[in-house]
Amino acid sequence: MLLTVAACSDVTSIDDTPKPATPGEEIDPTAEVATVITTTATGTQALSYAKSQIATGTNMAPTTILLDPSQQYQEMDGFGFAITYSTCYNLLKMQPADRAAFLKQTYSPTEGYGVSYVRMSLGCNDFSSTEYTLCDEPGLDNFKLHSDETDFVLPVLKEILAINPDVKIIAAPWTCPKWMKVNNLTDLAPYDSWTDGHLNPAYRADYANYFVKFVKAMQAEGINIYAVSPQNEPLNHANCASLYMPWQEEAPFVAELAKAFKANGLKTKIYVFDHNYNYDNVADQKDYPVMVYNALGNEFEGSELVVGAAYHDYGGSNSELSHIHQLASDKELIFTEGSIGEWNDGRNLSKRLIEDMKNVTLGTVNQWCKAVMVWNLMLDVNKGPNLDGGCQTCYGAVDIALDYKTITRNSHYYVISHMSSVVKPGAVRIGTAQRSYSKNGLTYSAFRNADGSYALVALNSGDADIDATVSDGTHHFKALIPAQAVVSCSWK
């Protein structure tokens, strides 16, 4: 089934009519075809599907993108959005049929874009109804899920998993319970604040078991937590709910966390760091993940669960990903948060589509990230609901009008959907060789899916259309890559 989505639409629009990939191309109805999906920065095409006939041979045209499956890089886990209280509040205000159509379009691997990853918070975040943890009274016997989870996040997660049971979920806390906080590790004075503070070393084991209780509570709801990070933005003192956790403090906590997971038979992966490329310009925090790996070594209990590091893009350059890969090539990399908002003209597709495709998705995947997630899936047109002290200027990947029906898709929805629609979990990124007279503003990444199909996602940041030939060495097809546009292709 072919999905065509308008740049500003309320629910799913379906178009089953194959269209040529390039003007004037006629499709033999008996021939094998590639699927070509296009979004332009002007919005004239928005996840528009077409077909292109596959021919045998290599047919080296002036601009040919030649795939090389012999070059293999990272295996992909998927692409997704954060499912926050605010996202769920807005989704649950929709009519059930409209919500079901939107979620199916977004997450279904057979009738939608196959989005395959979710990020959620362990306790509150800056798009929660209030500040809270899951154990606000001292003692882990007081652990319980908050109404943000039980009434909002869990119902939406269950709807998503009913559509796509293979969706992976990563969770991160914004803060530990306040009764576990101290002002610093010298004075160890209690620190009764949602913002800032340090984890008291005396509570490391208790806090690790707090994570265990969360994972088990979610399991009891039929939801598997695939991965966690120990702390969202550990170098951020100022978020509405936060905990300062430099690498010198995260390393011993990660040891406790891995030990607790192992002791409880949990297979949940642990990704360290979960913050900006530039380490918030704190000099002794440079190379934070590698510092954690080096401090931990490889002999601690549960070491196999500490699989890699997570990054955000609110500071620094994504070239840091390649740097960290060079230093720790045996560890994974994922991208867990980036946002659009007033500060980066986030509702202007003509500006954001190209920049976000280049930097958020292709720029991370081509530098070893095996998963890419962006911030809120859905906020309302007033950027809410949001929490005082959190981001007051963020937009969602989609905006919903206050009729809770009319949806406007922003760049983040398109860049994630372009990846997930053709690159499936378990795909391996492979090599490419462009044969052309010039670079033509092309940026791209190629993949071999587990079922043997190929995928290519290409960005044309130039001002001229490119008539490209895409070849896997034995088959080729034509793909028009319009100026200022993204094209995703899949074929067998």
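Note that the structure is a prediction, hence the values are computed from the model and not measured.
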Practice task
Answer yes or no: does atom CD of Gln392 have more than 12 heavy-atom neighbours from other residues, nucleotides or ligands under 6.0 Å?
Solution key: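 For Gln392, atom CD is crowded (more than 12 foreign heavy atoms under 6.0 Å).
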
Exercise for the section: Tell me, yes or no, whether the heavy-atom count around Tyr277 atom OH, taken from other residues, nucleotides or ligands under 6.0 Å, exceeds 12. Expected result: yes

Taking side chain as C-beta onward, heavy atoms only, is [X] less than 4.5 Å from [Y]?
{"X": "Thr42", "Y": "Gln484", "result": "no"}
{"X": "Phe127", "Y": "Cys394", "result": "yes"}
{"X": "Val118", "Y": "Lys168", "result": "no"}
{"X": "Lys93", "Y": "Ile400", "result": "no"}

What distance separates [X] [atom1] from [Y] [atom2], expressed to the nearest 0.5 Å?
{"X": "Asn232", "Y": "Leu122", "atom1": "CG", "atom2": "CG", "result": "11.5 Å"}
{"X": "Ile37", "Y": "Tyr113", "atom1": "CD1", "atom2": "OH", "result": "8.0 Å"}
{"X": "His475", "Y": "Leu67", "atom1": "NE2", "atom2": "CG", "result": "13.0 Å"}
{"X": "Asp388", "Y": "Asp126", "atom1": "CG", "atom2": "CG", "result": "11.5 Å"}

Practice task
Could you go through the side-chain hydrogen bond (donor to acceptor under 3.5 Å, both in side chains) check for His418 and Thr39 one step at a time?
Solution key: CA-CA 8 Å; His418 262 281; Thr39 299; 2.7 Å; yes

[X]: what forms a ring-ring contact (aromatic ring centres under 6.0 Å, His included) with it, not counting sequence neighbours?
{"X": "Tyr279", "result": "Phe273"}
{"X": "His312", "result": "none"}
{"X": "Phe152", "result": "Tyr85"}
{"X": "Phe79", "result": "none"}

Problem - salt_bridge(Glu355, Arg352) N-O dist < 4.0 Å - result: yes

Taking salt bridge (charged side-chain N to carboxylate O under 4.0 Å, His left out) as the test, write out the residues that go with [X], two or more places apart.
{"X": "Lys424", "value": "none"}
{"X": "Asp399", "value": "Arg347"}
{"X": "Arg429", "value": "none"}

Problem - Sequence neighbours excluded - salt bridge (charged side-chain N to carboxylate O under 4.0 Å, His left out) pairs with any residue from residues 305-332 - result: Lys269-Glu332, Glu332-Lys370

Handout entry: Residues that Asp451 engages under side chain to side chain contact (heavy atoms under 4.5 Å, CB included), provided they are two or more places apart
Key =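 So Asp451 forms a side chain to side chain contact (heavy atoms under 4.5 Å, CB included) with Asn449, Ser453, Lys492.
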
Practice task
Could you name each residue pair satisfying ring-ring contact (aromatic ring centres under 6.0 Å, His included) that touches residues 341-373, not counting sequence neighbours?
Solution key: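 Pairs touching residues 341-373 that pass the test: Tyr73-Trp368, His325-Trp368.
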
Exercise for the section: Sort and list the pairs that fulfil ring-ring contact (aromatic ring centres under 6.0 Å, His included) and have at least one residue in residues 446-470, not counting sequence neighbours. Expected result: Tyr454-Trp491

Problem - Partner set under disulfide bond (SG atoms under 2.5 Å apart) for Cys240, not counting sequence neighbours - result: none

Handout entry: Derivation and outcome, side-chain hydrogen bond (donor to acceptor under 3.5 Å, both in side chains), residues Thr469 and Lys478
Key = CA-CA 5 Å; Thr469 294; Lys478 295 178 181 179; over 6 Å; no

